Amino acid sequence: MKFSMIVYSPPSRQTDSQTPLLFAQTLLNQGHELYRVFFYGDGVYNGASSPFSSSLERSGSTSGTAASETTASDQWAALADSHNVDLVVCITAALERGVAIETELETLTADNQKQRKTEITGIRDGFQISGLGQMVDAIANSDRTITFR
Amino acid sequence: MKLLLLIDYAPTNLSRFKESLDAALTSAAFGLQVSLLFTGEAVRHLDPQLPQQQKSKHPSESLQELAVYDIEEVYVQEKGLARHKLDKGALTIAAKSLSEQEIGILLSEQSTVLHF
């Protein structure tokens, strides 16, 4: 069966068993397909590049995450790597929370022309940045879409 | 494809409400058949007496956008209305009141339920 997931909760508000991650790992182990995981609302914190994500997890975690422990975003990135899962962070939600930062850069082209470029930083490698259209695409293309709040 | 947005939280976090609605509006824009269900404390989003929160868009304003995207199926939980003493005929937008059993049927008809 083809699943998609929408993660709305940040790592600090998930239980110690990290339900969305555990769900994703379990469904993959059982041979199902995970089409996309879309991180929306506070869920975008799962895709933050450290040290932002690790400080947020430490502040909210009841178990007290040590620096050596693997963070949720590490685990998502590992899952994306091992199973080729499409992890998408919602750009609007990420910008609103300061998880993603938009910077305008001025560069010079090869023939010395000034060029303006927008750069987005703050999102961890392994996560794509996109919009709600990707969420709708996931819903339309999956047998089941499950929200985790 | 039928999609239901389930809202069950009080109208105290209006940015959360806005994000919930944005998901519904985008889904409708892409052609999904979208409906909304307000249960429990969330029925107060449709309360005409709901006070304006500073710096936040009042829910009634956000709810007007549903019509722009042709989202007409808005449901409220009968029990929730009774508990919060709201009159189903006097809500900020037109909504159909549902019993628990009718809610069960509505949920079973959906391809996807978004529960933020």
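On a predicted model such as this, the values are computed, not experimentally measured, just so you know. Within every chain, numbering begins at 1; the chains are lettered A, B, ... in the order of the sequence lines, protein sequences first and strands thereafter.
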Item to check | Ion pair B:Glu65/B:Lys18, N-O distance below 4.0 Å | outcome: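 The answer is no: the pair does not qualify as a salt bridge.
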Between B:Thr112 and chain A, with a heavy-atom cut-off of 4.5 Å, which part of the residue counts as in contact: side chain, backbone, both or neither?
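For B:Thr112, the side chain is the part near chain A, not the backbone.
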So for B:Leu114, is it side chain, backbone, both, or neither that comes closer than 4.5 Å to the heavy atoms of chain A?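 Answer is both: backbone and side chain atoms of B:Leu114 are under 4.5 Å from chain A.
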Margin query: Between A:His83 and A:Val85 (side chain of the first, backbone of the second, donor and acceptor by atom type, cut-off under 3.5 Å), is there such a pair?
Written below: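 Here the side-chain-to-backbone pair does not exist.
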**Asked** What is the distance from atom CG of B:Leu98 to atom NZ of B:Lys96, rounded to the nearest 0.5 Å?
**Response**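 Answer for the CG-NZ pair, B:Leu98 versus B:Lys96, is 5.5 Å.
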Check your understanding: So what's closer than 4.5 Å to chain B heavy atoms on A:Leu132: side chain, backbone, both or neither?
Key ->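 Both parts, backbone and side chain.
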**OP:** Heavy-atom distances under 4.5 Å only: say whether A:Phe148 touches chain B with side chain, backbone, both or neither.
**Re:**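 Neither part.
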(message) Under 6.0 Å from the ring centre and within 45 degrees of the ring axis: does the NZ or CZ of B:Arg16 meet both conditions for the six-membered ring of B:Phe116?
(response)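 No, B:Arg16 does not lie over the aromatic ring of B:Phe116.
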Whether B:Phe17 and B:Phe38 hold their rings parallel, tilted or perpendicular, with breakpoints at 30° and 60°: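 Correct class here is tilted.
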Among the listed options A:Thr145, A:Asp143, A:Ile139, the residue most often paired with chain B at heavy-atom distances under 4.5 Å: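 Among the listed options, the one with the most contacts to chain B is A:Ile139.
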